[in-house]
Amino acid sequence: GAVVSQHPSWVICKSGTSVKIECRSLDFQATTMFWYRQFPKQSLMLMATSNEGSKATYEQGVEKDKFLINHASLTLSTLTVTSAHPEDSSFYICSARDLIGPGNQPQHFGDGTRLSIL
Amino acid sequence: SQELEQSPQSLIVQEGKNLTINCTSSKTLYGLYWYKQKYGEGLIFLMMLQKGGEEKSHEKITAKLDEKKQQSSLHITASQPSHAGIYLCGADQGAQKLVFGQGTRLTINP
């Protein structure tokens, strides 16, 4: 089945550092990937839609200059949290769907990245 | 915008007991997904429902989408410790986007 890999799984860094998170579709091509943020004991909040070869689409209230998204290939999207501060600490998770596979495929999720800013 | 309300928010059951989690939508559901999440981990796809009245089962988990397509239920039979986790329902918003319910935290007591 479709597999989405996310790296790293855990990041601890100092305030002001920029952090890059990678999301890869391992056995299918994804023209669109999604980035979510999850606070403790809360549900997933969609941050942005990553579009291969074009600009990402951000949800209302999400700062595009803070959360830079690059989708340079059909299997890789990256989320860069620029000049991260403690309030950016959260669990970030990506998803993608295999649109070419048989039937209507569900979104498959990466294992998430826990970001802790000191 | 569409909103999903899950009930209960948390559930503690004795091992071996049956349980049901509900997901109610503010609008008609055109695609309803159930996922399971363990704390600090990714989401594991369980089932997808699209047609009113549809019912799917996998091992001891059964999910249904009601005829009016505004509510789905997830039923676990003879619960086991491995069923513990957070269950999330998600609905298609168009353009592949999903909106999620707030989740149901399931604890299984031995």
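Just so it is clear, the values below take in all heavy atoms, side chains as well, and ignore hydrogens, waters and symmetry mates. Proteins get letters first, then strands, A, B, ... in listed order; numbering begins at 1 in each.
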Using a cut-off of 6.0 Å, state whether more than 12 heavy atoms not belonging to [X] lie near its atom [atom1].
X	atom1	result
B:Glu3	CD	no
A:Leu26	CG	yes
A:Glu59	CD	yes
A:His85	NE2	yes
A:Lys66	NZ	yes
B:Lys64	NZ	no

**Prompt:** chain B heavy atoms under 4.5 Å from A:Gln38: which part of the residue, side chain, backbone, both or neither?
**Reply:**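 Just its side chain gets close to chain B.
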
Is there a path from [X] to [Y] through hydrophobic residues (I, L, V, M, F, W, Y) whose side chains come within less than 4.5 Å of each other?
X	Y	result
A:Val11	A:Phe67	yes
B:Ile76	B:Val13	yes
B:Leu49	B:Tyr33	no
A:Val62	A:Ile69	yes

**Prompt:** Roughly how far, to the nearest 0.5 Å, is CG of A:Leu44 from CG of B:Leu98?
**Reply:**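 One gets 9.5 Å once the value is rounded to the nearest 0.5 Å.
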
**Prompt:** At what distance, to the nearest 0.5 angstrom, does NZ of B:Lys97 lie from OG1 of A:Thr49?
**Reply:**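 Answer rounded to 0.5 Å: 4.5 Å.
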
Where does [X] contact chain A at under 4.5 Å (heavy atoms): side chain, backbone, both or neither?
X	result
B:Gln37	side chain
B:Gln6	neither
B:Leu88	side chain
B:Phe45	side chain

Okay, side chain of [X], backbone of [Y]: is any donor-acceptor separation there less than 3.5 Å?
X	Y	result
B:Tyr39	A:Lys41	no
A:Gln107	B:Gln96	yes
A:Ser43	B:Gly101	yes

**Request:** Over all heavy atoms of both residues, which pair between B:Tyr35 and A:Pro106 is shortest? Give the atoms and the distance, please.
**Result:**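 It is OH-CB, 4.1 Å.
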
**Within 45° cone and under 6.0 Å: A:Arg37 NZ/CZ vs B:Phe100 ring** =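 Not flagged: A:Arg37 not positioned over aromatic ring of B:Phe100.
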
**Message:** So which residue, A:Arg114, A:Arg97, A:Gln42, ends up with the most heavy-atom pairs under 4.5 Å with chain B?
**Reply:**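 Greatest number of close heavy-atom pairs with chain B: A:Arg97.
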
**Item:** Flag side-chain contact, heavy atom, 4.5 Å: A:Asp111 against B:Glu41
**Value:**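 No; the side chains remain at least 4.5 Å from each other.
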
**Message:** Applying side-chain contact (heavy atoms from CB on, under 4.5 Å) to A:Ile93 and B:Leu43, what does each step give before you reach the verdict?
**Reply:** CA-CA 9 Å; A:Ile93 189 166; B:Leu43 276 65; 3.8 Å; yes

